[in-house]
Amino acid sequence: MANTPKDRQTEVKVEDILRLKRSERPDDAFWGKFDRELHQRMLQTLVKKDPWFTQLIRGLSGRFAQSSAIAAAAVLVAMVVVRPVLLSPASSGVSLAENSEPSLGVTAVEVAMPDFSYTEAMTQTSGPDYRIEVISGRDSSHDASFERDFGMDSMQVASYDSVTYSADSAHSRVSFASAGVASLVY
Amino acid sequence: MATTGSVSKTFAPAQEAPLLERDLDWAVVQKVQAGNVGAFDQLVQKYREHIFSVIYNMTSNREDASDLSQETFIKAFQAIGRFQGKSAFFTWIYRIAINTTMTFLKKRSRRRYISYENINEEVSSAEIFERLTAKNRTEKGALVKELQEKLNDALQKLSLKHRTVVILHEIEGLEHAEIAEITKTSIGTVRSRLHYAKQQLQSYLQEYLG
């Protein structure tokens, strides 16, 4: 059934109820107390000086100061991040290229190298006359600890025969990446 | 001080003489900026009830509203040197009040005890209560108390953004454009929030409507 004009006049809307909130007002005594407290607090703010960090923040809140700070930050980032990247290829480009390749340099070090031949060895009886051949898997980037680890894989091989004396080299089956090879050849 | 009708009619920024009010306020602000600290009291006397009303309706607590209203005026006093008059003083101070209240309400972890102002007796005998009493067949005194509680409860159920808009428009009587300026949103957003808030309130207060 449609509402009659009279019904519409008497019906209560949200706006009508909300308007009642306007009448929730404090009395005069409240405002007297409010004014006293406010004046007291305002006087305190007048007397009290802001701490240094508040003054600093207020100073930094200016538009010029903000843009200066942003510019300074940008320069700092450029100095810290961009500059080393730009400089690094010129100064260490070669070493980078070298390091990029796997360095599998095997260095043979002759410890003692007297004139030596198998026939002589067969005839000579005095004093050890041998050659130590060290094959190292160490590349330039390895440290001393590598040699200790490497020592675990080293082998000493000596083959004797009453008739013929031959020397065999020893080969480690361990991959070069994880260890090295060494042999002591008589 | 106007106690009845639209609150904004006491200074009516958009309806009666917006430029005059704005200019009057700006003249007082300039006095304060020139060092006449006492002139600030004129602004306090003019706006304290509006500021209190907004904060009170947002918090539903008279003690909090009193503290936050004082805080609003102190903040305005401290910042008045930087006020350039680009906007009206009343939108500026309303914005301070709303931001202060929102910060307070967001920090407040749990809901506080609600303390009400008394509804003016003149208003409690108004036509709206006559109609409500007739409709609900309740004793008027009990109805006033009950409705006040339900209304505050319904307002507290709204989100802060929706509550702000509905308070500024329906209770403070501000125009959509003024609310948009205060809340730094578009007029469309204000209208949309107002529409949604009213729908919500309608569902919460269904038993009293119609």
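Hydrogens, waters and symmetry mates play no part in the numbers below; they use all other heavy atoms, side chains included. Naming convention: chains lettered A, B, ... in sequence-line order (proteins, then strands); numbering from 1 in each chain.
- In this structure, A:Arg22 and B:Ile171 approach most closely via the heavy-atom pair NE-O, 2.8 Å.
- Only the side chain of B:Gln45 comes within contact range of chain A, judged by heavy atoms closer than 4.5 Å.
- Of the inter-residue distances, the one linking B:Arg48 atom CZ with A:Asp35 atom CG reads 4.5 Å to the nearest 0.5 angstrom.
- By the 4.5 Å heavy-atom criterion applied to side chains, A:Glu24 and B:Asn152 are counted as neighbours.
- Two residues are said to be in side-chain contact when any heavy atoms from C-beta on lie closer than 4.5 Å; A:Gln44 and B:Ile74 fail this criterion.
- Considering CD of A:Glu15 and CD of B:Gln202, their distance stands at 7.5 Å, rounded to 0.5 Å.
- Ring centroids of B:Phe52 and A:Phe34 are separated by 6.0 Å or more, keeping the two rings apart.
- Neither the backbone nor the side chain of B:Ile167 has a heavy atom closer than 4.5 Å to any heavy atom of chain A.
- Within 6.0 Å of OH in B:Tyr204 there are more than 12 heavy atoms belonging to other residues, nucleotides or ligands.
- Taking each heavy atom of B:Gln70 and A:Leu38 in turn, the nearest pair found is O-CD1, 3.6 Å.
- Side-chain contact between A:Arg41 and B:Phe73: absent, with no pair of heavy atoms (C-beta onward) separated by less than 4.5 Å.
- From B:Phe77, atom CZ reaches atom OG1 of A:Thr45 across 5.5 Å, with rounding to the nearest 0.5 Å.
- The side-chain heavy atoms of A:Arg25 and B:Ser53, taken from C-beta on, include a pair separated by under 4.5 Å.
- Remark: B:His195 NE2 is loosely packed, at most 12 non-hydrogen atoms of other residues, nucleotides or ligands lying under 6.0 Å away.
- The distance from atom CG of A:Asp16 to atom CD of B:Glu170, rounded to the nearest 0.5 Å, is 9.5 Å.
- Within 6.0 Å of the NZ atom in B:Lys75, the count of heavy atoms belonging to other residues, nucleotides or ligands exceeds 12.
- Partners of B:Ser203 according to the side chain to side chain contact (heavy atoms under 4.5 Å, CB included) rule, which considers only residues two or more places apart in sequence or in another chain, do not exist here.
- In this structure, NZ in A:Lys13 is found 15.5 Å from CG in B:Leu205, a value given to the nearest 0.5 Å.
- No side-chain heavy atom of A:Val14 sits less than 4.5 Å from a side-chain heavy atom of B:Gln199.
- Ranked by non-hydrogen atom pairs under 4.5 Å with chain A, the options B:Val37, B:Val166, B:Asp41 are led by B:Asp41.
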